[in-house]
Amino acid sequence: MKMREGCCFCWSSWRGLWWWLGLLFAIWGSVCRGQVNIIGIPRFDQAVELVLRNAGGQEIDATRPFGPLTVGATLVLFCETKHPTVSHLAWSRDGVEVYGAVSRFSDGLLQNELRVPVSVPADRTAEYKCRGLNLRMDPVVEKSLRVEVSEHAQVPFSAAILPANGTFKANETVTLRCLVHGSRGPAIITWWREERLLNESTVSATPGITVRNGVTATESNLTFKVTTADHGVPIYCRAVSALSQLHENTTAEAVLRLDIYYHPIASIPKNETITVKENGPVSIVCALRSFPPVDRVRWYRSDKLVFEDRMKTTTTASPSNSSDTGSSSTAAKTDLQTNSLRILQMSRSDVGLYSCEAHNSAGWSARSNSVEVKVHYKAGMANPAKTAKQQATTEIHAAEGEKLTMTCAVADLGNPPATQFVWRKEGAYLSRSQTYTINQVQEKHFGSYTCAPWNGSGEGDAAAINLTKKEEAVLQASETTVLMIASILGVVGGTILLAIVIWCLCLSKSCRNRNKVQHICPLSIRIPPKK
């Protein structure tokens, strides 16, 4: 009742009535002159524009056909504006109104979304128009576009490299083909090695263009010689479609990663000499570069095969000389591998120049560089299985008062060669030179001596020397001399006696012969007397 009384009071007042009538006439006049829109916002002087967008929100260039669209696909178009003069948006196709979903957003954006199925031949030359209307539904602005419809299925803009398998043999000349489909007109094709553009000299042929069933295909060939350095390198084929619409993909790319198989390359990284103590372990690494991976590795010592590894698991073997030899293999997913030769107990017979070679499906590699392995061992040992006595005089005779020099002679000076010789007398240290000199032999000097060579590997086997007085030696020499003289005299006496006997025999025979002659002559010869 109060509201009615207030209203009655308001309208019954002549002053209030004239005030309301003046306000209504002012608003009506502004609307008729187009100075305000439906919500009373003043009109702007800026030009009225409409924006057309595709389903992805990208602006459409209305000066070019939109598409191509396939038959049965859904055409999605957005018409939008923020100008306050436009109070409504309407779609039409070839002059016939089609209805879309109108939306107004808080930022003042007015949008009309149109979704219609594509058909043939109706949409092949159809023109879609969006109109902006004011409060009186009069057209303020409009924008139209034409749709391109293809009866064939739409082929996406794509690129592919043939052959798809990038496995090639090193040092061969290969040709790659790049096929580009779905471009608007000829595609511009370039070749890239990693991120480096290949120059035109490597592209053997100009791009070829074919059109089948309305689909444009562009082809380009790349010819080059592959090397081991190309293993794992990506080759890109990149295509650009210069005539594509803004909403379409303008670039396509294909990549082919090269797998270059080649003979293994074997090398020993450690070029300097490897030195190890006798009976100690040693490991030699063979670095391998190969594709496909290495399946066998051979090890050589001074050009003689000593071990072969099948590159499966860590294996051990026991060749001659009582040394344990093994090989450890490490295979990676790349073309790099390693193989190690391990000798657990290094002996002097294992020294030499070591090298390796590897095998894969492409064949055997060249022999690697060689590394020398040396063994440090004590002096005096000539055979790893036996200990040889040092070649030194075991009995030395000297007389008191004379000067004596003893020398330590060693059959094997060891490795490195022994430079010092330790002399001891009955365990007491004397000297470190190869010779030991006594300027004047005395009673205290007689006894047992030892000399032992020494090198970096330690002290070798000692030789025993016994120094005795010279008189004992002279007596033994005199007895020997007497026996020799007696033997000589016996031989000489026997010879003389034999000579005398023979002479006597000869002499007696001669006398008998002379007597016979004298007895015969008086009987058989008569000499007449002289007258």
Give a yes or no answer on whether the side chain of [X] reaches the backbone of [Y] with a donor-acceptor pair at less than 3.5 Å.
| X | Y | result |
| --- | --- | --- |
| Ser283 | Arg342 | no |
| Ser87 | Leu133 | yes |
| Asn134 | Val86 | no |

Between [Y] and [X], is there a salt bridge with N-O shorter than 4.0 Å?
| X | Y | result |
| --- | --- | --- |
| Asp107 | Lys82 | yes |
| Arg177 | Glu219 | yes |
| Asp309 | Arg298 | no |
| Glu127 | Arg93 | no |
| Glu172 | Lys225 | no |

Is there a side-chain contact between Val102 and Gln111, using heavy atoms and a 4.5 Å cut-off?
-> no
Could you work out, with side-chain hydrogen bond (donor to acceptor under 3.5 Å, both in side chains) as the rule, every residue matching [X], not counting sequence neighbours?
| X | answer |
| --- | --- |
| Ser103 | none |
| Ser267 | none |
| Asp259 | none |
| His376 | none |

Residues forming a ring pair (Phe, Tyr, Trp, His ring centres under 6.0 Å) with Trp192, sequence neighbours excluded = none
Look at the rings of Trp364 and His359 and say which category their plane angle falls in: under 30° parallel, 30 to 60° tilted, over 60° perpendicular.
-> tilted
Here the salt bridge (charged side-chain N to carboxylate O under 4.0 Å, His left out) pairs for residues 363-377, sequence neighbours left out, are Asp303-Arg367, Glu357-Arg367
Does NZ or CZ of Arg146 come closer than 6.0 Å to the centre of the six-membered ring of Tyr128, within 45° of the ring's axis?
-> no
